[in-house]
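No hydrogens, no waters, no symmetry mates; every other heavy atom, side chains included, goes into these values.
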Amino acid sequence: MKFRRVRSRFVRSLSGAAIGSAFFLVLAPDAFAQSFPFGSELRLDASPMRGSKKIPVLDIGQNGTAEIELWCNSVTAQLVIAANTITIITGEMSARQCAPDRARADDELVAALNQATSWRMENSALVFTGGKTLRFRVQTN
């Protein structure tokens, strides 16, 4: 008789744990989802180009508008976020006089941003993936 009570409690505990696990698995993606860093200034995780200390900066507004300081020029953009997907729509680039290597690097960075299809946070870095993986670190100063 005691064995049946123990077995009955065990079965109830096991079924309760199974139901709890099922709820956790369904709700876990939302519980662990990180929010997009609107209102942040982020720096491209890259070394400066030779002869300069400048590194591209992504300044994201609260409404998804962004100012992007490239290697030489700058560009405005609109970031459209839906869950972990992203669409970056860049505007017209400024027309500063640039060295050919910096102008080429600007074009490559803008192309990579336009090809981004998803985003995620890794520690204090915003990572865009798509055609090329780009990592921007949150400014701490």
Would you compute the distance between atom [atom1] of [X] and atom [atom2] of [Y] and round it to the nearest 0.5 angstrom?
X	Y	atom1	atom2	value
Ile88	Phe128	CD1	CZ	4.0 Å
Lys54	Leu70	NZ	CG	7.5 Å
Ile86	Trp119	CD1	CH2	8.5 Å
Trp71	Leu44	CH2	CG	5.5 Å
Asp107	Met93	CG	CE	5.0 Å
Ile60	Glu41	CD1	CD	10.0 Å

Crowding at CD, Glu122 (>12 non-hydrogen neighbours, <6.0 Å):
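Check passes, neighbour count above 12.
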Just wondering, more than 12 heavy atoms not from Asn123 lying within 6.0 Å of its CG?
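Count not over threshold, so no.
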What residue pairs, at least two apart or across chains, pass disulfide bond (SG atoms under 2.5 Å apart) with a residue in residues 72-122?
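Every pair satisfying disulfide bond (SG atoms under 2.5 Å apart) with a residue in residues 72-122: Cys72-Cys98.
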Cluster question for you: counting only ILVMFWY and a side-chain heavy-atom cut-off of under 4.5 Å, with indirect links fine, are Phe36 and Ile89 together?
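No: no chain of side-chain contacts under 4.5 Å links Phe36 to Ile89.
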In this structure, would Val57 and Leu79 fall into the same cluster of hydrophobic residues linked by side-chain contacts under 4.5 Å?
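Different clusters: Val57 never reaches Leu79 through Ile, Leu, Val, Met, Phe, Trp or Tyr contacts under 4.5 Å.
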Atom of [X], atom of [Y] and distance for their closest heavy-atom approach:
X	Y	value
Val127	Arg135	CG2-NH1, 3.4 Å
Glu92	Val75	O-CG2, 3.7 Å
Ile55	Ala46	CD1-O, 3.3 Å
Arg50	Arg102	O-NH2, 3.0 Å
Gly130	Thr117	CA-OG1, 3.7 Å
Ser74	Glu69	CB-OE2, 3.3 Å

Does [X] use its side chain to pair, donor to acceptor, with the backbone of [Y] at less than 3.5 Å?
X	Y	value
Asp45	Arg137	no
Ser52	Met49	no
Asp106	Asn73	yes

Do [X] and [Y] have side chains that approach each other closer than 4.5 Å (heavy atoms only, starting at C-beta)?
X	Y	result
Thr65	Thr76	no
Leu126	Val138	no
Met121	Pro37	yes

Residue list, side chain to side chain contact (heavy atoms under 4.5 Å, CB included) with Asn114, at least two apart or on another chain
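Thr90, Val110.
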Between Lys132 and Glu108, does any side-chain N to carboxylate O distance fall below 4.0 Å?
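Salt bridge flag = no for Glu108 with Lys132.
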